[in-house]
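Remarks on the structure that follows.
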Protein chains: 2
Amino acid sequence: MTGESLNGDRAPSTLAFLLSQVGIHASRLFAERIAEVDLNPPLFRILNLIDAAEGQSQQAIGEGIQVPPSRMVALVDELEQRGLVERRPDPKDRRVRALYLTRKGRSSLARGREIAAAHEEELTAGMSDADRARLTKLLQKMVDQQAIGRGVHPGLSN
Amino acid sequence: MTGESLNGDRAPSTLAFLLSQVGIHASRLFAERIAEVDLNPPLFRILNLIDAAEGQSQQAIGEGIQVPPSRMVALVDELEQRGLVERRPDPKDRRVRALYLTRKGRSSLARGREIAAAHEEELTAGMSDADRARLTKLLQKMVDQQAIGRGVHPGLSN
DNA sequence: TATTGTTATACTCTATAACTATA
DNA sequence: TATAGTTATAGAGTATAACAATA
């Protein structure tokens with residue numbers, strides 16, 4: 001969707017409008033790019049989280065990012081069908097399905113990270129390093145000031 | 001959703017990540033604010049477009065923004081149910097339903113615009129005017145360079 | 001034949017609640 | 001009783017295609 005769609009038709013030069021417009025463009029472009037490795041952004045995110053916490057349960061992994069258990073089932077199902085993730089029984093608690101990356105999962109993740117890096121470059125193509133730094137700093141300032149992020153917006157599941 | 005959700009878990013300081021994060025925050029916040037006048041962003045957008053082209057047909061209004069006729073029906077239905085918009089017969093062509101704002105529609109639109117302005121301020125609270133100007137300029141540069149906007153991304157209906 | 005608006009239908013993404021098997 | 005995972009179900013939000021009235 002365009003920024004307009006989310007913001008109504010207010011003047012296109014407002015900061016709010018520009019932020020939505022550019023942010024949505026960045027998200028959409030990334031979704032397009034990451035599809036090259038048969039992933040979508042939520043799956044790529046979960047793959048990253050599993051990599052960072054291998055052996056954890058589904059719910060433990062979904063917990064910190066407001067993904068409810070039923071959604072975790074669906075996401076891990078998809079990763080498993082693609083052969084990227086394994087559910088292993090946990091000998092300590094037979095209710096738990098501990099998550100591990102497969103070899104293929106690691107390779108997809110690595111490729112996904114390359115794509116993310118390329119996306120970053122694509123998005124900032126034509127900008128000077130100074131401008132990139134400026135923009136990053138200003139956006140980071142907004143994130144801090146608006147208290148965007150971790151746990152602040154409970155509705156923002158994914 | 002958080003920026004993470006769209007971008008996976010790559011380093012939170014990348015520009016792509018920040019842009020998604022902030023852009024989505026801006027969109028979400030606006031959706032929350034505009035709900036105060038019993039609108040959502042798509043309805044507010046259509047309301048603006050009707051105001052800018054009163055008397056036009058549904059499809060004429062949906063055309064420029066990639067909203068298909070069937071969706072226009074649903075959107076105008078909602079606006080009509082809220083008493084904000086009227087469908088009037090067009091004496092020149094009896095297939096056409098010309099769209100007009102009601103008095104209440106004008107008042108909701110005005111109130112919505114106030115909310116949009118307040119949202120703009122809220123979003124940039126704590127920023128200096130110089131920073132706002134810098135940020136606007138940099139984002140505008142990205143929009144130009146990435147060719148974001150009108151007609152460029154056909155998939156971006158709304 | 002083409003066009004406006006409409007309806008029917010379906011698809012994606014997501015959440016809530018009920019269920020099962022364990023604990 | 002409580003918890004991990006699962007299933008069933010439902011709700012946004014959206015699109016495509018068939019359709020009726022009119023041109």
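No hydrogens, no waters, no symmetry mates; every other heavy atom, side chains included, goes into these values. Chain letters run A, B, ... following the sequence lines, proteins first and then strands; every chain starts at 1. Everything numeric here is computed off the predicted structure, so don't read it as measured data.
When the C1' atom of D/dG13 is taken as reference, atom CG of B/L39 falls 17 Å away, rounded to whole Å. Taking atom CD of A/Q59 as the reference point, atom P of C/dT22 lies 16 Å away to the nearest angstrom. Note: CD (A/E78) to P (C/dT12) measures 10 Å, nearest angstrom. Taking atom CE on B/M72 and atom P on C/dT7, their separation rounds to 15 Å, with Å as the unit. One atom, CG of B/D77, and another, P of D/dA12, lie 16 Å apart when rounded to the nearest Å. Atom P of nucleotide D/dG13 and atom CZ of B/R28 are separated by 13 Å, given to the nearest angstrom. Rounded to whole angstrom, the span from the CZ atom of A/R45 across to the P atom of C/dC13 amounts to 14 Å. C/dC13 atom C1' lies 7 Å from atom CZ of A/R71, rounded to whole Å.
Every residue meeting the salt bridge (charged side-chain N to carboxylate O under 4.0 Å, His left out) condition with A/E80, not counting sequence neighbours, appears here in chain and number order: A/R87. A/R88 is linked by a salt bridge (charged side-chain N to carboxylate O under 4.0 Å, His left out) to A/E86, counting only residues two or more places apart in sequence or in another chain. Looking at residues two or more places apart in sequence or on another chain, you find a salt bridge (charged side-chain N to carboxylate O under 4.0 Å, His left out) between B/E54 and B/R106. Here B/S57 pairs with nothing under the side-chain hydrogen bond (donor to acceptor under 3.5 Å, both in side chains) rule; sequence neighbours left out. Residues forming a salt bridge (charged side-chain N to carboxylate O under 4.0 Å, His left out) with A/K104 (at least two apart in sequence, or on another chain): none.
Taken residue by residue, residues 85-102 of chain B places heavy atoms nearer than 4.0 Å to DNA chain D at B/D93, B/R94, B/R95.
Across all strands shown, B/Q58 has heavy atoms under 4.0 Å from sugar-phosphate atoms exclusively, and none from any base.
Each of B/A60 and A/S70 lies near DNA chain C, and the nucleotide nearest B/A60 is the one positioned closer to the 5' end.
Heavy-atom neighbours of B/E63 CD from other residues, nucleotides or ligands within 6.0 Å: at or below the threshold of 12.
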